[in-house]
Amino acid sequence: QVQLEESGGGLVQAGGSLRLSCKYSEESAVGWFRQAAGQEREFVSAINSHGGTTRYSDSVKGRFPISRDNARKTIYLQMNSLRPEDTAVYYCTQMSAPLHLRLGSWGQGTQVTVSS
């Protein structure tokens, strides 16, 4: 199973930006999920192994572009125009090639807190 580790979370003001990183041990399609306190995890975005195909949830489309740099073995989630409702723990995990099936398990995640 591919090993993944997310980082880059922090505290930001509404309207600000953060960039999350996901380092991987083996190349694969990867997805970002998030979980707010007391709520279920939800899908955020995903990218295939070469970066040519992406998928986004309606809540982040146009705000959170996903990209990858395979030379650095890193997937990025650029979080722009942040809103308080974006506050959550963010996770990256392995996905199937069509980007609709989660294949990996959950790590510790990285906390993102957006103040009003």
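Note that the coordinates shown come from a computational prediction; the quantities given were computed from them, not determined experimentally. If you read the sequence from its start, that first residue is 1, and numbering goes on from there.
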Ignoring hydrogens and angles, tell me if any N or O in the side chain of Tyr56 forms a donor-acceptor pair with the backbone of Ala46 under 3.5 Å. no
Nearest non-hydrogen partners of Asn48 and Leu99, listed with the distance: N-CD2, 3.9 Å
May I ask you to test the Phe64-Leu20 pair for a side-chain heavy-atom distance under 4.5 Å? no
Side-chain heavy atoms nearer than 4.5 Å, only ILVMFWY residues, links allowed to pass through others: does that put Trp106 and Val2 together? no
So CZ of Arg19 and CG of Leu77: to nearest 0.5 Å the spacing works out to 11.0 Å
State whether a side-chain donor-acceptor pair under 3.5 Å links Asn80 with Ser17. yes
Which value, rounded to the nearest 0.5 Å, describes the distance between Cys92 atom SG and Glu6 atom CD? 4.5 Å
Are the side chain of Arg72 and the backbone N or O of Thr74 linked by a donor-acceptor pair below 3.5 Å? no
Can you tell me if CD on Gln13 sees more than 12 non-hydrogen neighbours from other groups inside 6.0 Å? no
Could you walk me through whether Ile75 and Ser21 pass side chain to side chain contact (heavy atoms under 4.5 Å, CB included), step by step? CA-CA 6 Å; Ile75 296 93; Ser21 297; over 6 Å; no
Does the gap between the ring centers of Phe33 and Tyr91 come in under 6.0 Å? no
Got a second to check how far Gln78's CD is from Ser45's OG, nearest 0.5 Å? 11.5 Å
Could you pull out the closest heavy-atom pair between Val112 and Gly9, with the gap in Å? CG2-CA, 4.1 Å
I would like to know whether Arg55 and His100 meet side chain to side chain contact (heavy atoms under 4.5 Å, CB included); could you show each step before the answer? CA-CA 9 Å; Arg55 187 167 71 88; His100 288 279; 3.5 Å; yes
With a 4.5 Å cut-off on side-chain heavy atoms, are Glu5 and Tyr24 touching? no
Closest heavy-atom pair, Val114 versus Thr87, reported as atoms and distance to 0.1 Å, is N-OG1, 3.0 Å
Can you tell me if Gln3 has over 12 outside heavy atoms packed within less than 6.0 Å of its CD? no
Which heavy atom of His50 sits nearest to which heavy atom of Glu27, and what is that distance? NE2-OE2, 4.1 Å
Shortest non-hydrogen separation from Gln39 to Gln35 and the atoms involved: O-NE2, 2.9 Å
Measuring from Leu4:CG to Ser25:OG, what's the distance to the nearest 0.5 Å? 6.5 Å
Distance-only side-chain donor-acceptor flag, Asn70 / Arg68, under 3.5 Å: yes
Do Arg34 and Tyr90 get their side chains close enough for a donor-acceptor pair, meaning under 3.5 Å? yes
Exam field: side chain Thr93 to backbone Ser105, donor-acceptor pair closer than 3.5 Å: yes
Between atom SG of Cys22 and atom CH2 of Trp32, what is the distance when rounded to the nearest 0.5 Å? 5.0 Å
Closest heavy-atom contact between Val89 and Gly109? CG1-CA, 3.8 Å
Member of Asp86, Ile66, Val60 meeting the side-chain contact (heavy atoms from CB on, under 4.5 Å) criterion with Val44: Val60
So Gln94 and Arg102, side chain to side chain contact (heavy atoms under 4.5 Å, CB included) or not? Walk me through it. CA-CA 6 Å; Gln94 186 183 0; Arg102 181 179 64 83; over 6 Å; no
